[in-house]
Amino acid sequence: MVGFMDPHRDVVNRYMPELCDAVVPEDMLPHLSSLLTTPAMQRIRCEQRNNGANTAVQKLIDELTRRSGWFPVFIRALLAIGHDDLADRLDPNHTVPRPSGATVAAGQHSPAGAG
């Protein structure tokens, strides 16, 4: 279990509103199967079906952060479903290596507050 002093969890919590607005948890699940158990994925799907994507994102984060090594897998999942902008906000120094072709070309997105 990951300790309560997880700096990555703090960063994710800071961006939770953006994650809730943008991410569809069910789209991420195939990319998180190395960390999440089948019952955990079923709980997330059920949460999304019964209460919507916003609460399912929170459930997803809760399930992920209970596992060691969750952050790189989460960042790669965001990249895999096309949320390079969120991946860059959560990991601005690219401590999680980006696969070739996953970097966003200049001008394709405008980070919050840029301009």
Under the side-chain contact (heavy atoms from CB on, under 4.5 Å) test, residues paired with [X] that sit two or more places apart:
X   : answer
A53 : P25
A77 : M28, H31, L32
T37 : P39, A40, R67

Subject >> ring pair (Phe, Tyr, Trp, His ring centres under 6.0 Å) against H8, all qualifying residues, sequence neighbours excluded >> reply: F71
Distance from [X] atom [atom1] to [Y] atom [atom2], nearest 0.5 Å?
X   : Y   : atom1 : atom2 : result
L19 : N54 : CG    : CG    : 10.5 Å
K59 : Q48 : NZ    : CD    : 14.0 Å
D85 : L90 : CG    : CG    : 9.5 Å
R66 : D6  : CZ    : CG    : 13.5 Å

Hey, are the side chains of [X] and [Y] touching, using non-hydrogen atoms and a 4.5 Å cut-off?
X   : Y   : answer
L64 : V73 : no
I44 : L36 : yes
L86 : Y15 : no
L78 : R89 : no
I75 : H83 : no

Taking all non-hydrogen atoms of both residues, which atom of [X] and which atom of [Y] are closest, and how far apart?
X   : Y   : value
C20 : Q58 : SG-NE2, 3.9 Å
T65 : R9  : OG1-NH1, 2.5 Å
R98 : A87 : NH2-O, 3.2 Å

**OP:** Determine which pairs satisfy salt bridge (charged side-chain N to carboxylate O under 4.0 Å, His left out) with at least one residue from residues 25-41, sequence neighbours left out, and list them in order.
**Re:** E26-R45
Any residue meeting salt bridge (Lys or Arg N to Asp or Glu O under 4.0 Å) with [X], in chain and number order, not counting sequence neighbours:
X   : value
R76 : none
E47 : none
D21 : none

Original post:
Taking NZ, NE, NH1 and NH2 as the nitrogens, is one of them in R14 or D10 under 4.0 Å from a carboxylate oxygen of the other?
Top reply: no
Subject >> Path from V24 to L79 over hydrophobic side-chain contacts below 4.5 Å >> reply: no
Original post:
With sequence neighbours left out, what residues match T95 under side chain to side chain donor-acceptor pair (under 3.5 Å)?
Top reply: D91
